[in-house]
Amino acid sequence: MSKTLVQPIGQKRLTNVAVVRLKKHGNRFEIACYKNKVLSWRSGVEKDLDEVLQSQTVYSNVSKGVLAKSKELVAAFGMDDQSKICLEILEKGELQVAGKERESQLSSQFRDIATIIMQKTINPETQRPYTISMIERLMHDIHFAVDPNSSSKKQALDVIRELQKHFPIKRSPMRLKLTVPEQNMSSLLEKITEWNSTVVSKDESGNQLSVICELDPSIFRDCDALVRNLQGRLDIVAVNVHVGSETHMDHYGDLEDEPLSVQKEPVGPVAQLSEKLEKQVVISAKEGTSSHGGDVVKQQKCSTCDAFVGDAKQYREHFKSEWHKHNLRRKTRQLSPLTAEECMSDLDITDSKADLKNYSF
């Protein structure tokens with residue numbers, strides 16, 4: 001019995017494309033687009049439709065090359081003009097993402113949410129922010145799952161409320177400057193005391209009195225309404241207040257006064273990296289200038305790490321450091337830079353994860 005080879009005729013198979021799918025009137029309609037162009041079109045960056053669509057044809061199944069029937073198009077869209085139908089599917093349809101791409105997007109968004117949480121929270125015992133790796137570990141402990149259809153900031157605020165139920169974590173306070181007429185200052189101070197807020201400083205200029213205070217972000221709307229009622233003005237000095245780096249400088253200064261026998265330094269590449277990063281922390285805490293033998297040396301600032309790194313020689317050495325390289329990788333993912341200490345913790349976690357891959361549990 002002879003076997004004949006049956007080949008499909010008239011099928012246009014499309015591979016390595018981005019598929020946009022729209023379900024309407026019980027039927028599925030798809031269009032074939034170029035990868036990375038659909039989001040550019042929807043955000044208004046790409047204007048040329050031919051750069052987005054591989055073909056202005058409506059399919060029932062792009063991967064198999066099955067075209068949509070005309071009667072189905074008329075029933076669903078009220079017309080059979082495929083160019084206009086393609087536009088509607090492009091605007092309202094759902095972009096189909098491959099498994100690895102979806103996993104990469106969710107991983108990137110998970111990291112963004114952890115970064116927002118780190119910026120907005122502190123440890124109530126130490127008044128310092130948690131590191132990125134610690135935040136991610138806590139998020140895994142509460143079995144958090146990323147919602148790709150919701151914004152990272154909204155999800156971060158929801159996660160903070162959930163974390164507060166299980167772990168010692170709280171929102172970092174906002175620093176506000178409140179300016180009100182002199183006769184209304186007593187009412188304002190009473191309310192600040194009632195909110196358990198901290199008054200940082202007071203200033204008097206003419207008939208206007210101003211107070212710089214730190215309060216919980218949940219009270220911001222009430223505070224804004226109160227200042228408006230008191231015919232005053234509210235200025236945001238800092239959205240998130242963390243303990244400054246001066247404490248770190250004092251800590252290192254105390255270590256230098258101790259005997260050499262007390263300062264036991266571990267040996268190894270991690271210890272050397274830690275020592276280099278600690279030196280960079282001390283340099284970055286300065287205000288941009290330093291004096292050596294009476295001469296004023298201008299401090300160079302690294303925009304990637306958002307820190308002062310010393311003179312020209314130290315500036316060149318900084319570009320070779322793991323701190324700078326790590327922040328460069330974060331910058332490509334549009335993440336905020338880490339301090340030297342956070343970078344050390346992040347690198348330690350990365351090394352630990354790499355070591356665990358060699359074992360099975």
Side-chain angles (χ1 to χ4, degrees), residues 17-23 28 30 33 35-43 62-63 89-125 128-172 216-218 239-240 242 326-327 329-338 342-343 345-361:
V17 298
V19 178
V20 179
R21 180 182 299 165
L22 179 66
K23 291 183 179 180
R28 186 177 72 178
E30 297 178 350
C33 306
K35 287 194 172 184
N36 305 323
K37 287 293 185 179
V38 178
L39 297 179
S40 299
W41 170 270
R42 290 180 175 177
S43 61
V62 169
S63 60
I89 297 175
L90 188 60
E91 292 175 359
K92 301 179 181 179
E94 182 181 355
L95 177 63
Q96 305 301 301
V97 183
K100 289 186 177 180
E101 291 182 66
R102 184 182 293 108
E103 183 180 349
S104 176
Q105 291 177 359
L106 293 178
S107 176
S108 176
Q109 190 172 5
F110 185 89
R111 188 76 173 183
D112 292 343
I113 294 172
T115 303
I116 295 173
I117 294 174
M118 183 202 70
Q119 295 171 348
K120 291 184 175 293
T121 59
I122 57 174
N123 185 340
E125 298 177 359
R128 295 181 179 277
Y130 288 99
T131 61
I132 287 285
S133 55
M134 294 177 68
I135 293 293
E136 290 182 342
R137 197 179 307 123
L138 296 179
M139 291 168 67
H140 285 302
D141 289 343
I142 63 173
H143 306 290
F144 170 71
V146 177
D147 181 6
N149 299 320
S150 180
S151 67
S152 298
K153 183 176 180 180
K154 180 179 182 300
Q155 294 185 74
L157 295 176
D158 294 338
V159 172
I160 291 173
R161 286 189 285 269
E162 187 64 27
L163 289 175
Q164 288 174 338
K165 299 176 183 178
H166 305 89
F167 305 103
I169 187 172
K170 72 172 187 177
R171 291 287 301 273
S172 56
D216 192 89
S218 60
V239 179
N240 304 300
H242 297 152
H326 191 65
N327 277 331
R329 290 190 288 269
R330 291 178 57 81
K331 189 175 182 180
T332 58
R333 300 197 300 269
Q334 298 182 348
L335 298 177
S336 57
L338 297 180
E342 292 169 348
C343 175
S345 302
D346 218 19
L347 290 173
D348 289 342
I349 294 296
T350 304
D351 293 339
S352 301
K353 288 181 178 179
D355 294 337
L356 288 174
K357 287 183 179 179
N358 298 326
Y359 300 92
S360 58
F361 296 95

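Source: prediction; values computed, not measured. Numbering starts at 1 and runs along the sequence shown.
For the pair Ile122 and Lys170, the minimum side-chain heavy-atom distance is below 4.5 Å. Using a 4.5 Å cut-off on side-chain heavy atoms (C-beta onward), Thr115 and Ile132 make contact. In this structure the side chain of Met139 reaches within 4.5 angstrom of the side chain of Ile117, judged on heavy atoms. Between Val159 and Ile135 there is no side-chain heavy-atom pair separated by less than 4.5 Å. Taking 4.5 Å as the limit, every side-chain heavy atom of Met134 sits out of range of all side-chain heavy atoms of Asn123. Contact check for Lys165 versus Ile142: no side-chain heavy atoms found under the 4.5 Å cut-off.
Here the closest non-hydrogen pair linking Ala156 and Ile116 is CB-CG2, 3.6 Å. In this structure, Leu157 and Lys120 approach most closely via the heavy-atom pair CD2-CD, 4.2 Å. Nearest heavy atoms, Gln109 versus Ser150: NE2-O, 3.0 Å. Taking every heavy atom of both residues into account, Pro124 and Pro168 meet most closely at CD-O, 3.3 Å. Closest non-hydrogen pair, Lys92 versus Leu22, comes out as O-CD1, 4.0 Å. Nearest heavy-atom pair across Cys33 and Val17 is O-CB, 3.6 Å.
Of the options Pro337, Ser336, Cys343, a side chain to side chain contact (heavy atoms under 4.5 Å, CB included) to Arg330 is made by Ser336 and by none of the others.
The backbone N or O of Glu30 lies less than 3.5 Å from no partner atom in the side chain of Arg21, so there is not a single donor-acceptor pair. In this structure, Glu94 contributes its side chain and Lys23 its backbone to no donor-acceptor pair below 3.5 Å. Looking at Gln155, its side chain never comes within 3.5 Å of a backbone N or O of Val146 through a donor-acceptor pair.
The structure places OG of Ser172 at 14.0 Å from CZ of Arg128, a figure rounded to the nearest 0.5 Å.
Applying the salt bridge (charged side-chain N to carboxylate O under 4.0 Å, His left out) rule to pairs touching residues 104-113 yields Arg111-Glu136, Arg111-Asp346, sequence neighbours excluded.
With respect to Arg137 and Asp141, no salt bridge is recorded, no charged nitrogen being found less than 4.0 Å from a carboxylate O.
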